[in-house]
Amino acid sequence: MHLLFTFLKINICLTLLLAFPLLRASDNIINIKRAGSLHKHELAEAMEVEQEGLVEHQPLEQDDLNFEKWKPKPKPKRTLHEKIDDLKTYLWNAETKEFMGRSGKSWSLILLFYSALYIFLAAMFAGGMCCLMWSISPYAPTYNDRVMPPGMTMFPHVDVAHGFDIAFNASDRSSWKKYAKALEAHLKPYDDGVQDRRNINCEGNTYFKQEDLEESAERKACQFKRSWLGECSGLKDKDFGYSKGKPCILVKMNRILGYLPGQGTPVNVTCGVKKGSTEGLGEVQFFPENIFNLRYYPYYGKLRHVNYSSPLVAVRFSSVQYDTQLHVQCKLNGKGIINDSATDRFLGSVSFTLEVGA
């Protein structure tokens, strides 16, 4: 028995010794097969990439040059009902609780931002205006950009677009009624009763300076009464001479703050024919006289010279030749006056056409 047991042990050992190399050889074969399969897979992938590259570089077929098939297909037209539904959804989306594509929080932030922005801009503008108004005087400009030689204007001028033209027939009331109406409206503030209530009676021919008063104090103004204009006052002749073929006009100097015209000598007015024969104009009359009295100067502005009435000179053409168009020019004459400017036709003078028909 002992020999049998020893023999069995020897057989088992020999069997194990022979089986171990066989097992290792089988494992090596399996690993070789796996490596071969992986290599084949990598080769297949490389060949596929190479084939794709070859396809990319192949020339386009004729069918590929048909660009019509590449154009996007037109979207199906939406019905009016669908469009209305989309608009309703845009205005209010019940699922996302959004109004016009934004939530309540988004709208709140937008309103908050723009409210703050505009409040800041308004405050900045108000602050700038306050600083500006604080730095300037409401009674006199810091910088005066107006030319000192005064301009001149006339009344009536009912059609400024076509210049200062006066043309009418004395026998046709409708042709000159507009001129008489314009003169009447302009002379209303010069009524004697109005001047007596508002202004003081001044005498003499010297400047009426009131520099000793406070800057904000109201300045007194001298009276200029309508009745002083005589035949051109509209009191005796409501038609201002137009119904008789003897028209009246009013001329005045433009107001300039603090200006002293004439340098101590009154500025006078002359009128004559600018172009053509002077015989057609005839006699020219001035009321109350052909000068601007110095007592109406200087002018202190609207805030201080509240009731100031600019002095007027009324001009009457008493013997105008009928059916003749006259180019008339009235000029200011005096020291420091410019009346022949080539660039400003209203500087120191005013021109107009006058044509009177029977």
Side-chain angles (χ1 to χ4, degrees), residues 138-140 150-158 177-244 246-262 264-269 285-316 318 330 332 334 350:
Y139 306 106
M152 189 179 186
T153 189
M154 62 162 284
F155 298 92
H157 51 88
V158 295
K177 183 179 179 180
K178 56 185 176 182
Y179 302 121
K181 186 177 180 180
L183 289 172
E184 178 65 27
H186 186 73
L187 288 176
K188 272 293 182 182
Y190 292 89
D191 286 343
D192 291 11
V194 175
Q195 291 294 312
D196 286 334
R197 289 194 305 270
R198 293 181 177 179
N199 299 329
I200 63 173
N201 184 26
C202 303
E203 296 182 356
N205 191 13
T206 57
Y207 297 124
F208 185 23
K209 296 181 179 181
Q210 304 174 64
E211 306 294 343
D212 54 336
L213 301 176
E214 294 182 3
E215 184 183 25
S216 60
E218 182 178 341
R219 268 57 173 178
K220 297 179 180 179
C222 295
Q223 296 176 0
F224 190 95
K225 295 184 177 181
R226 178 177 181 173
S227 59
W228 297 349
L229 299 177
E231 298 294 332
C232 293
S233 64
L235 300 176
K236 299 178 181 179
D237 182 4
K238 297 292 184 181
D239 302 331
F240 295 92
Y242 284 84
S243 61
K244 301 175 184 178
K246 301 178 180 181
C248 290
I249 66 168
L250 303 174
V251 296
K252 70 174 184 178
M253 286 194 296
N254 294 340
R255 299 178 183 180
I256 299 178
L257 194 69
Y259 179 59
L260 300 174
T265 304
V267 176
N268 66 80
V269 180
Q285 298 174 323
F286 298 93
F287 302 95
E289 49 188 345
N290 71 329
I291 65 169
F292 290 99
N293 199 294
L294 298 181
R295 62 173 174 260
Y296 298 102
Y297 304 97
Y299 171 61
Y300 289 98
K302 291 182 178 180
L303 293 179
R304 294 182 292 181
H305 239 154
V306 180
N307 298 319
Y308 180 80
S309 299
S310 297
L312 303 172
V313 172
V315 185
R316 186 188 188 204
S318 57
C330 292
L332 296 174
V350 62

Student: Here's a test for you: under ring-ring contact (aromatic ring centres under 6.0 Å, His included), which of Tyr300, Tyr297, Tyr139 qualifies with His305?
Tutor: Tyr300

Student: I'd like to know if the side chain of Asn199 and the backbone of Asn307 have a donor-acceptor N/O pair within less than 3.5 Å.
Tutor: yes

Student: May I ask you to test the Tyr190-Ser310 pair for a side-chain heavy-atom distance under 4.5 Å?
Tutor: yes

Student: Looking only at heavy atoms, what is the nearest atom pair of Met152 and Asn254, with distance?
Tutor: N-ND2, 3.9 Å

Student: Would you name the heavy atoms of Asp192 and Ser227 that are closest together and state the gap between them?
Tutor: OD2-OG, 2.8 Å

Student: Is any side-chain heavy atom of Tyr259 closer than 4.5 Å to a side-chain heavy atom of Pro150?
Tutor: yes

Student: Taking the side chain from Arg219 and the backbone from Ala217, do they hold a donor-acceptor pair closer than 3.5 Å?
Tutor: yes

Student: How about Lys220: does its NZ atom have over 12 heavy atoms from other parts shown lying under 6.0 Å from it?
Tutor: no

Student: Assess whether side-chain contact (heavy atoms from CB on, under 4.5 Å) is satisfied between Lys246 and Asp237, documenting all intermediate values.
Tutor: CA-CA 11 Å; Lys246 301 178 180 181; Asp237 182 4; over 6 Å; no

Student: Taking all atoms of both residues into account, what is the closest heavy-atom pair of Cys248 and Glu231, and its distance?
Tutor: SG-O, 4.2 Å

Student: Looking at Tyr308, is its backbone amide N or carbonyl O close enough to the side chain of Tyr296 to form a donor-acceptor pair, meaning the two atoms are under 3.5 Å apart?
Tutor: no

Student: Is there a side-chain contact between Val269 and Leu332, using heavy atoms and a 4.5 Å cut-off?
Tutor: yes

Student: I need the Asp191 CG to Ser233 OG distance, nearest 0.5 Å.
Tutor: 10.0 Å

Student: If you count every heavy atom of other residues, nucleotides or ligands that lies below 6.0 Å from Glu211 atom CD, does the total exceed 12?
Tutor: yes

Student: For a side-chain contact (heavy atoms from CB on, under 4.5 Å) check, start with the C-alpha distance between Lys209 and Leu260, then their side-chain angles and the critical distance, and finish with the verdict.
Tutor: CA-CA 10 Å; Lys209 296 181 179 181; Leu260 300 174; 3.9 Å; yes

Student: Measure the spacing between CD of Gln195 and OG of Ser309 and express it to the nearest 0.5 Å.
Tutor: 4.0 Å

Student: Where do Leu312 and Phe224 come nearest, in terms of heavy atoms and distance?
Tutor: O-CZ, 3.2 Å

Student: State, yes or no, whether a side-chain contact exists between Phe208 and Cys222 at a heavy-atom distance under 4.5 Å.
Tutor: yes

Student: Check Leu229 against Pro288 and note the closest heavy-atom contact, atom names and distance.
Tutor: CD2-CD, 3.8 Å

Student: Quick check on side-chain contact (heavy atoms from CB on, under 4.5 Å): which of Glu215, Gln210, Glu218 does Arg304 satisfy it with?
Tutor: Glu215

Student: Is Glu184 paired with Arg226 through a side-chain N to carboxylate O contact shorter than 4.0 Å?
Tutor: yes

Student: For the pair Asn205 (side chain) and Asn293 (backbone), establish whether a donor and an acceptor sit closer than 3.5 Å, ignoring hydrogens and angles.
Tutor: no

Student: How close do Pro266 and Leu294 get, heavy atom to heavy atom, and via which atoms?
Tutor: CA-CD2, 3.9 Å

